[in-house]
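Inspection log for the structure reproduced underneath, given as structure tokens.
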Amino acid sequence: MDRQADSRLRRKVRELLRHAERDYSAGHERPLCGYLAAVAGFGAYTAVRLRGRPLPDRPEPWDVVLTSVATSRLSRLLSKGSVTSPLRSPFTRYVSPQGPAELHEEAQPDGGKETVGELATCPFCTSVWVTSALTAGQLLWPRATRTAMGALTALAGADALQLAYSALDGQDHRRSVTGAEPAVRTQPFAGRCGPSSPSCGASKSLKCPI
């Protein structure tokens with residue numbers, strides 16, 4: 001009896017989820033069941049990681065800054081980086097390049113692959129998992145985690161400097177292609193060409209390049 005009751009309950013839950021997904025999607029493909037599984041997995045992962053570990057009274061400001069920068073850089077590396085595309089390839093499809101050393105990809109429209117593909121190509125979604133992993137790492141292995149976060153923060157700073165240099169170099173290149181015309185100003189005739197010259201009038205002006 002218990003097994004039959006459990007089976008009926010599971011069928012009712014599945015039917016309820018399908019009905020909710022159908023009403024919510026409004027004709028579009030939205031893998032709500034996949035998202036629900038991802039949220040449940042995230043909750044279980046966080047609970048297992050942090051179980052039995054003492055929590056600090058409050059986060060240190062420096063740790064918050066370090067975690068923020070490291071999360072941003074690692075999330076983009078995992079979800080957009082060219083070098084990490086083999087990790088996403090089972091669930092995504094290549095579309096086009098996107099920014100320096102980054103790719104634009106789309107999730108494969110195939111059930112569970114679509115859910116994983118959307119999460120894997122979204123840096124905002126990936127950052128939730130990365131933040132949780134780094135936070136748990138600071139509690140479990142603080143020295144190793146802070147070392148890794150420092151390296152990711154240094155990488156983010158290096159990327160910012162590279163982009164700034166590329167922007168300045170692009171401006172210099174555009175100037176060299178268009179060419180800088182000499183400034184021109186208008187001033188009255190003077191010296192050999194003046195009011196006494198038979199070829200010039202006193203009211204005339206001359207444009208002299210500087």
Side-chain angles (χ1 to χ4, degrees), residues 24-39 41-43 45-46 49 59-138 141 144-180:
Y24 169 81
S25 301
H28 301 280
E29 290 293 333
R30 302 304 303 162
L32 293 187
C33 292
Y35 290 153
L36 182 61
V39 170
F42 173 77
Y45 164 81
T46 305
R49 279 294 188 183
E60 295 294 333
W62 175 244
D63 286 339
V64 174
V65 174
L66 200 64
T67 304
S68 300
V69 179
T71 296
S72 174
R73 188 63 191 90
L74 184 56
S75 297
R76 292 205 68 84
L77 179 63
L78 293 175
S79 61
K80 296 291 184 181
S82 302
V83 70
T84 55
S85 58
L87 303 177
R88 302 186 301 270
S89 60
F91 313 101
T92 61
R93 290 176 179 172
Y94 170 82
V95 177
S96 64
Q98 177 183 313
E102 290 190 349
L103 302 176
H104 173 49
E105 299 167 328
E106 292 181 348
Q108 295 186 17
D110 184 16
K113 287 187 177 182
E114 183 177 11
T115 302
V116 179
E118 287 192 6
L119 294 175
T121 56
C122 173
F124 299 98
C125 305
T126 307
S127 64
V128 178
W129 295 85
V130 172
T131 300
S132 300
L134 293 179
T135 302
Q138 291 179 69
W141 310 285
T145 302
R146 288 189 176 92
T147 300
M149 290 195 302
L152 289 168
T153 301
L155 180 59
D159 289 346
L161 293 175
Q162 295 283 6
L163 293 174
Y165 178 83
S166 297
L168 293 175
D169 188 57
Q171 291 180 0
D172 293 340
H173 178 70
R174 286 192 294 271
R175 290 196 191 100
S176 65
V177 171
T178 57

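Since we're looking at a predicted model, the values are computed, not measured.
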Quick check: closest heavy atoms across [X] and [Y], and the distance to 0.1 Å?
X: Pro59; Y: Val64; value: CB-CG2, 3.9 Å
X: Gly117; Y: Ala107; value: C-CB, 3.6 Å
X: Asp63; Y: Thr67; value: O-OG1, 2.6 Å

Between atom [atom1] of [X] and atom [atom2] of [Y], what is the distance when rounded to the nearest 0.5 Å?
X: Trp62; Y: Met149; atom1: CH2; atom2: CE; result: 9.5 Å
X: Leu87; Y: Leu78; atom1: CG; atom2: CG; result: 7.5 Å
X: Ser166; Y: Leu161; atom1: OG; atom2: CG; result: 10.5 Å
X: Leu134; Y: Leu74; atom1: CG; atom2: CG; result: 6.5 Å

Does Ser68 offer a backbone N or O that forms a donor-acceptor pair with the side chain of Ser72 under 3.5 Å? no
Write out all pairs satisfying salt bridge (charged side-chain N to carboxylate O under 4.0 Å, His left out) with one or both partners inside residues 148-162, taking only residues at least two apart or from two chains.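 The answer is Arg73-Asp159.
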Any side-chain heavy-atom pair from [X] and [Y] closer than 4.5 angstrom?
X: Val69; Y: Leu152; result: no
X: Thr121; Y: Leu103; result: no
X: Gln108; Y: Phe91; result: no
X: Thr126; Y: Leu119; result: no

Just grab all the side-chain hydrogen bond (donor to acceptor under 3.5 Å, both in side chains) pairs involving residues 89-101, residues at least two apart or on different chains. none
Show every side-chain hydrogen bond (donor to acceptor under 3.5 Å, both in side chains) that has at least one partner inside residues 74-86, sequence neighbours left out. Arg76-Glu102, Thr84-Arg88
Step by step, work out the side chain to side chain contact (heavy atoms under 4.5 Å, CB included) result for Val83 and Leu77. CA-CA 8 Å; Val83 70; Leu77 179 63; 4.1 Å; yes
